[in-house]
Amino acid sequence: MGETSAAVRPLRPPRHPVNTAYLAEVGEDSHTAAPAAVRWLREHGEGHAADLVEISGVASSLMTLQRFSDLERFAATMAQRHHNGAPTLRYFALGMQGYAAQYQGGHEEAARFFGAAEEETELPAGTYRVIQAVQARLTFQGGDRVAGYRLLRDNIEVLLDSDYTDVTRMVAVEFITMMAATDHLVHAAQVLPYLDTTGDFGVLVRAQLLADITRRIDAAASTHELHASFSDARSALTYMRDVLTTLSDAPDTSF
């Protein structure tokens, strides 16, 4: 049998825009694919699903691509749209405004947005409050170190109990920041390599948020022989929880 003519060869149907967005890597791929998925969902009456794709696809890609000014504008529009709407979506929008400000060096503005997210939104029971890790660090920086340790530890306990480990990378940033501030560089150094397993996010936070801490760790003789061996996010969370538990009970401990 001869080869099938190109004129009669069956055409491969185009991939559905929602599937394309779902399968896209966060970054350039998702930034390209997500808007088409959002449009399709809105055109077909799936407004809530479209909002979720805006967060997981559009906003996440802007952060990964370090387009923080664009993220700031996008999140502000979304926060306004949901001012009297779904509290979870407003919570995430305010949180994204906070992260956009933080990555641009606006730490006081970031704290204001994070605070608004926690104080102005009443989330449904069982909703994971991703910004609580940031609130733990803000409490710590406000002078109540033990309360900060306990807030972050309790946040980790929720993640371990629910087996929701997708946000481990964000918890790790706050843990490293708190450990470095109290000269527990060994613990910061143990967790820092975990961020290197998180792709573009790890590159971003090393450059934007943890550059000074990374230099301190590299310069500290006590961290040179460390070899972190976290096999997965859960093991990293377990390590951070155990350290925070010890420090919560004895904040002056050197170990």
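Inspection of the Tyr91 and Glu118 side chains reveals an N or O donor paired with an N or O acceptor under 3.5 Å. Ser235 and Asp232 are linked by a side-chain donor-acceptor pair at a separation below 3.5 angstrom, with hydrogens and angles left out of the test.
Here the two rings, on Phe230 and Tyr194, have centers that are 6.0 Å apart or farther.
Through direct or indirect side-chain contacts shorter than 4.5 Å among Ile, Leu, Val, Met, Phe, Trp and Tyr, Val18 is connected to Val38, Trp40, Leu41, Val53. Taking Ile, Leu, Val, Met, Phe, Trp and Tyr as members and joining any whose side-chain heavy atoms lie under 4.5 Å apart, directly or through other members, the hydrophobic cluster of Leu94 also contains Phe113.
The line from OG of Ser30 to CG of Leu23 is 12.0 Å long, rounded to the nearest 0.5 Å. A distance of 11.0 Å separates CG in Asp212 from CD1 in Ile217, rounded to the nearest 0.5 Å. Summarising the geometry, atom CG belonging to Asp166 is positioned 7.5 Å from atom OG1 belonging to Thr168; distances are rounded to the nearest 0.5 Å. Note: Ser60 OG to Leu71 CG = 9.0 Å, rounded to the nearest 0.5 Å. Remark: Ser56 OG to Phe92 CZ distance equals 10.5 Å, nearest 0.5 Å. The distance from the CD atom of Glu157 to the CG atom of Leu237 is 10.0 Å, given to the nearest 0.5 Å.
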Practice prompt. Could you walk me through whether Met240 and Val243 pass the side chain to side chain contact (heavy atoms under 4.5 Å, CB included) test, one step at a time?
Written response: CA-CA 5 Å; Met240 291 186 282; Val243 170; 5.9 Å; no
Candidate pair Met170 and Val134, rule side chain to side chain contact (heavy atoms under 4.5 Å, CB included), full reasoning
CA-CA 9 Å; Met170 301 170 77; Val134 178; over 6 Å; no
| task | Would you sort out whether Leu247 and His184 count as a side chain to side chain contact (heavy atoms under 4.5 Å, CB included), showing the intermediate values? | result | CA-CA 10 Å; Leu247 291 174; His184 289 101; 3.7 Å; yes
_Does Gln97 form a side chain to side chain contact (heavy atoms under 4.5 Å, CB included) with Phe114? I'd like the steps, not just the answer._
CA-CA 8 Å; Gln97 285 183 276; Phe114 291 138; over 6 Å; no
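Panel note: side chain Arg67, backbone Leu62; no donor-acceptor pair is recorded below 3.5 Å. A donor-acceptor distance shorter than 3.5 angstrom exists from the side chain of Thr198 to the backbone of Gly202, with no hydrogens or angles considered. The backbone N or O of Arg241 lies less than 3.5 Å from no partner atom in the side chain of Arg153, so there is not a single donor-acceptor pair.
Met96 and Ala59 get closest at one heavy-atom pair: SD-CB, 2.9 Å. Contact detail for Gly98 and Ala110: the closest heavy-atom pair is O-CB, 3.2 Å. In plain terms, the two heavy atoms of Leu152 and Met178 that are nearest each other are CD2-SD, 3.8 Å. Annotation for Ala180 and Ala188: closest pair N-CB, 4.5 Å, computed over non-hydrogen atoms. Contact between Val173 and Leu209 at its shortest, heavy atoms only, is CG1-CD1, 4.2 Å. Minimum heavy-atom separation, Ala117 to Ile131: CB-CD1, 3.5 Å.
Linking Ile, Leu, Val, Met, Phe, Trp and Tyr whenever their side-chain heavy atoms come within less than 4.5 Å puts Phe140 and Leu138 in one cluster. Criterion: ILVMFWY side-chain heavy atoms under 4.5 Å apart, direct or through other members. Under it, Leu65 and Phe68 are not part of a common hydrophobic cluster. Side-chain heavy atoms closer than 4.5 Å link hydrophobic residues (I, L, V, M, F, W, Y) into clusters, and following such links, possibly through other members, connects Leu160 to Val158. Residues Val167 and Val26 do not share a hydrophobic cluster, defined by chaining ILVMFWY side chains whose heavy atoms lie under 4.5 Å apart.
Within the 4.5 Å cutoff, no side-chain heavy atoms of Ile213 are placed close to those of Met179. Contact of the Met78 side chain with the Ile55 side chain is registered, since non-hydrogen atoms from C-beta on lie closer than 4.5 Å. Under the 4.5 Å side-chain criterion, counting only non-hydrogen atoms from C-beta, Val130 is not in contact with Tyr164. Counting heavy atoms from C-beta outward, Thr88 and Thr121 have side chains that stay 4.5 Å or more apart. The closest side-chain heavy-atom distance from Thr139 to Arg145 is not below 4.5 Å. Side-chain contact between Thr64 and Leu204 is absent, with no heavy-atom pair separated by less than 4.5 Å. Within the 4.5 Å cutoff, side-chain heavy atoms of Glu120 are placed close to those of Arg90. For the pair Gln104 and Glu72, the minimum side-chain heavy-atom distance is below 4.5 Å.
Using the six-membered ring where Trp is involved, Phe175 and Tyr239 have ring planes that are perpendicular, over 60° apart on the 30 and 60° scheme.
Atom CD of Gln80 sits in a sparse spot, with 12 or fewer heavy atoms from other residues, nucleotides or ligands closer than 6.0 Å. Heavy atoms of other residues, nucleotides or ligands lying less than 6.0 angstrom from CD of Glu25 number 12 at most.
Using a 4.0 Å cut-off between charged side-chain N and carboxylate O, Glu54 and Arg42 make a salt bridge. A salt bridge is defined here as a Lys NZ or Arg NE, NH1 or NH2 lying under 4.0 Å from an Asp or Glu carboxylate O, and Glu174 with Arg169 fails to meet this definition. The pair Asp183-Arg216 counts as a salt bridge, with a side-chain nitrogen and a carboxylate oxygen less than 4.0 angstrom apart. The pair Asp70-Arg73 counts as a salt bridge, with a side-chain nitrogen and a carboxylate oxygen less than 4.0 angstrom apart.
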